[in-house]
Amino acid sequence: MANLVRCGLVALAAVSLQGCSDDSPSPRPPETTSVTLRNGVKMPMLAAGTWQYNDSVAEETLIAAVHAGFVHIDTAYDYHNQVGVGRGIQKSGKPRDSLFITSKVPGCGLQNTTAKTVEQCKTETDDKIALDLQQLNLSYLDMVLVHFPPCPGDDGSAESPSECSCYGPKNGCSHPQSCDMIKAQWSVLTDAYKKKQIRAIGVSNYCSACLECLTGSEVFPMINQVQLHVGMGSDPEGFRTFAEKHEIKLQAYSPFGSGGHGSEQILKGNLTTSIGKAHGKSAAQVALKWIVSHNVSVATKSSNPAHLKANADIFDFTLSDTEMDSLDKATFASEDTPSFLCTDSNPSASQVQLKSEMSVVV
Ligand SMILES: NC(=O)c1ccc[n+]([C@@H]2O[C@H](COP(=O)([O-])OP(=O)(O)OC[C@H]3O[C@@H](n4cnc5c(N)ncnc54)[C@H](OP(=O)(O)O)[C@@H]3O)[C@@H](O)[C@H]2O)c1
Ligand SMILES: *[C@@H]1O[C@H](CO)[C@@H](O)[C@H](O)[C@H]1NC(C)=O
Ligand SMILES: *[C@@H]1O[C@H](CO)[C@@H](O)[C@H](O)[C@H]1NC(C)=O
Ligand SMILES: *[C@@H]1O[C@H](CO)[C@@H](O)[C@H](O)[C@H]1NC(C)=O
Ligand SMILES: *[C@@H]1O[C@H](CO)[C@@H](O)[C@H](O)[C@H]1NC(C)=O
Ligand SMILES: *[C@@H]1O[C@H](CO)[C@@H](O)[C@H](O)[C@H]1NC(C)=O
C-alpha cells in the first residue's frame, strides 16, 4: 500500500521512476522533484533545455529527453527552434497536461524587438507570446519568462544579448526608462496569465533592481531563471537569498558552465568527480544534485540519450553536509554572474514588496 502511494506520487513528480517494485531503493520525498510556485502550480525541478539546437536536433533531443524521464521543457522565442520543439512534443506521445512547457519572450530592445517606446514594447511582447504558442502548436503554456531585462533605446538588431549596449556595463535595469519598460512588458504577461493562456509567469536574468520596478504588481514574478553552477558559490550576488525572501523560485541555467568558466572542472574536475564516486554517480550528476539540494530548479541540456538518462537520475542519493559545503565553497567560476545584463551590488538593500494577496490566485 505504502509502495502504491509512493509510486503514484512519484509518477506525478518531475521524473518517472524506472519500475517501482517493492525492493526499489527508497527515493527522496516526491516534493523534492518539483517546486510549488506562489500560485500553487507545481513545476518539475529538472527541465530539458533546447538552446543552440536547430529544429531537427531540438525535435530529436526533446523526444529523447521525454523518454529519459524529463517532463519539463525549456525553450524560447529566440532559440529559433520552437517549430522543432513543437514537433517533438507531438511525437513524444505524451498527453499535453503531463508536460510542463516553459517558453520566453525577448526583453524589449533585444533579439529583434524594438524598445523605442513603451507601447512598442507592449505590442511586440504580445506578438511574441502569440508566436511562442503558434510555433509550438500549443493552446497554452505552463510558464512564460521575460528572457532578459530590457535595453531601452536599443533597436533590437542585436541578435544575441552579448551584442546589445547593456551587455558590457550590465546596466539593463538602471536606464531612466528601464522601469517603465519592465512594467509595460510585465503587464502583457500578466494579461496573458489572467486569460489563462499561461499557467505561471516569471523572468530571467533579472537583478533585484529590475524586480523592484514590479513592487506592488497585481501578480509578481514566480520564478527568476539565472546562471548558477558549481564554482560560482551557492548564493552569487545574493540572488538566492533575495529570491527566497521574496517568494520567487530561483531556476538555474547552464548547470555545467555552458562551455565557459568552470565547465571543465564541473564535468571532469576532482571535486565533483570524487564526490560522485562516493555515491556511484558522475560529476555531472553531482553538479545537478548540488543545485536541486539548494531547492533551486534547473534547466540543463544534452543531445546524448545516455547523458539525458543520467541527468534525470539524481533523486536517489543525498549529498552530505560536508559535500554540500565543499561544493558551495568552490570558486573556480567566480567570474560568472547570475545575469549578464545587470548586476546586484547590494541586493539586501532592495525594497521589493509583494502584494501577495493578489498574486496568490488567478
Ligand atoms: N535564460 C537564459 O538566458 C538562458 C541562458 C542559457 C541557458 N538557458 C537554458 O538552460 C539550458 C541549459 O543550459 P546550457 O544549454 O548552457 O547547458 P548546460 O546544461 O550547462 O550544458 C550542456 C553541455 O553539457 C553537456 N552535458 C550534458 N549532460 C552531460 C553529462 N551527463 N555528462 C557530460 N556532459 C554533459 C552537453 O553535451 P552533450 O549534448 O554531448 O551531452 C552540452 O554540451 C539551455 O539549453 C536553455 O534552455 C537559459
Ligand atoms: C542541424 O544541426 C545538426 C547538428 O549540428 C546538423 O547535422 C544538421 O545538418 C542541421 N540541420 C539543418 C536543417 O540545418
Ligand atoms: C526580425 O523581425 C522581422 C520582422 O518581423 C522578421 O522579418 C525577421 O525575420 C526577424 N529576424 C529574426 C532573426 O528573427
Ligand atoms: C498541431 O497540433 C494538433 C493537435 O493539437 C495536431 O493535430 C496538428 O497536426 C499539429 N500541427 C503540426 C503542424 O504539428
Ligand atoms: C579531491 O577531492 C577530494 C574531495 O573533495 C579531496 O579530499 C582530495 O584531497 C582532492 N584531491 C586533490 C588531488 O585535490
Ligand atoms: C528545501 O525545502 C524544504 C521543503 O520546503 C525545506 O524543508 C528545506 O529546509 C529546504 N532546504 C534548503 C537547503 O533550503
Side-chain angles (χ1 to χ4, degrees), residues 46-62 64-65 68 70 72-91 95-96 101-107 110-111 133-140 143 145-149 160-162 172 202-206 223-231 250-264 266-268 272-273 276 281-289 291 297-314 333 336-341:
L46 296 181
T50 55
W51 180 40
Q52 293 169 319
Y53 294 149
N54 61 23
D55 279 309
S56 49
V57 175
E59 176 181 338
E60 233 172 84
T61 60
L62 198 128
F70 283 86
H72 182 173
I73 290 133
D74 184 84
T75 187
Y77 173 76
D78 76 288
Y79 296 168
H80 303 298
N81 60 14
Q82 293 197 118
V83 170
V85 172
R87 273 200 301 264
I89 291 167
Q90 193 89 26
K91 288 190 186 165
R96 169 67 185 90
I101 301 166
T102 295
S103 186
K104 312 187 190 82
V105 293
L110 287 161
Q111 299 160 327
L133 287 164
Q134 187 190 319
Q135 292 171 355
L136 290 163
N137 190 23
L138 297 174
S139 59
Y140 71 93
M143 175 75 80
L145 308 178
V146 178
H147 208 151
F148 295 101
S160 152
S162 63
V203 294
S204 180
N205 299 294
Y206 263 41
I223 82 164
N224 188 13
Q225 186 186 89
V226 300
Q227 176 168 225
L228 180 65
H229 50 77
V230 178
L250 204 64
Q251 184 173 52
Y253 67 68
S254 300
F256 304 133
S258 198
H261 307 286
S263 60
E264 187 76 15
I266 294 168
L267 290 170
K268 297 200 178 97
T272 46
T273 306
K281 293 285 173 180
S282 68
Q285 288 171 313
V286 168
L288 293 174
K289 186 69 181 190
I291 295 171
S297 64
V298 54
T300 179
K301 166 185 101 174
S302 175
S303 58
N304 175 328
H307 287 170
L308 284 166
K309 204 157 183 283
N311 295 350
D313 183 23
I314 58 164
D336 287 344
T337 53
S339 171
F340 31 93
L341 287 187

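Note that ligands are numbered from 1 as they come in the structure, with each ligand's atoms numbered from 1 the same way. Bear in mind the structure is a predicted one, so any value in this text is a computation, not a measurement.
Every residue two or more places apart in sequence or in another chain was checked for a side chain to side chain donor-acceptor pair (under 3.5 Å) with K268, and none qualifies. Under the side chain to side chain donor-acceptor pair (under 3.5 Å) criterion, S56 pairs with N54, sequence neighbours left out. Remark: D336 pairs with H229 by the side chain to side chain donor-acceptor pair (under 3.5 Å) rule, at least two apart or across chains.
Atoms of ligand 1 found under 4.0 Å from any heavy atom of H147, numbered from 1 in the order shown, are 1 (N), 2 (C), 3 (O). When each atom of ligand 1 is checked for a heavy atom of T50 under 4.0 Å away, the hits are 45 (O), 47 (O). Every atom of ligand 1 with a heavy atom of A284 under 4.0 Å away is listed here by number and element: 30 (C), 31 (N), 32 (N). Which parts of ligand 2 touch S56 is read off a 4.0 Å heavy-atom cut-off, strictly below it: atoms 1 (C), 11 (N). Contact atoms of ligand 2 toward V57: 1 (C), 2 (O), 3 (C), 4 (C) (distance under 4.0 Å to a heavy atom of the residue). With ligand atoms numbered from 1 in the order given, ligand 1 contributes 3 (O) to contacts under 4.0 Å with heavy atoms of F148. Taking every heavy atom of N54 and a limit of under 4.0 angstrom, the matching atoms of ligand 2 come to 1 (C), 2 (O), 3 (C), 8 (C), 10 (C), 11 (N), 12 (C), 14 (O). Proximity to Y79 (heavy-atom distance under 4.0 Å) selects the following atoms of ligand 1: 4 (C), 8 (N), 9 (C), 46 (C), 47 (O), 48 (C).
The 4.0 Å heavy-atom shell around ligand 4 contains residues Q90, N137, ordered by chain and number.
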*asked:* Please evaluate residues H147 and D78 with respect to the criterion side-chain hydrogen bond (donor to acceptor under 3.5 Å, both in side chains), reporting the C-alpha separation (whole Å), side-chain torsions for both, the decisive distance (0.1 Å), and the verdict.
replied: CA-CA 9 Å; H147 208 151; D78 76 288; 2.8 Å; yes
_Between S103 and Q82, does the side-chain hydrogen bond (donor to acceptor under 3.5 Å, both in side chains) criterion hold? Intermediate values first, please._
CA-CA 9 Å; S103 186; Q82 293 197 118; 2.6 Å; yes
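A salt bridge links D313 with K281: the distance from a Lys NZ or Arg NE/NH1/NH2 to an Asp or Glu carboxylate oxygen falls below 4.0 Å. Using a cut-off of 4.0 Å between Lys/Arg side-chain N and Asp/Glu carboxylate O, D55 and R87 are scored as not salt-bridged.
The N/O atoms of F340, backbone and side chain alike, include none that comes under 3.5 Å of an N/O atom in ligand 1. Looking at ligand 1, you won't find any N or O of Q52 less than 3.5 Å from one of its N or O atoms. Residue contacts with ligand 1: F256 is placed with a nitrogen or oxygen under 3.5 Å of a nitrogen or oxygen of the ligand (distance criterion only). At least one N/O-N/O distance between D74 and ligand 1 falls below 3.5 Å.
Closer than 4.0 Å to atom 37 (O) of ligand 1 lies none of the heavy atoms of the protein.
Checked against the 6.0 Å centroid criterion, the rings of F148 and F340 qualify as a close aromatic pair.
Distances shorter than 4.0 angstrom occur between a heavy atom of S303 and an atom of ligand 1.
Given atom 42 (C) of ligand 1, the protein heavy atom at minimum distance is K301 O, 4.1 Å.
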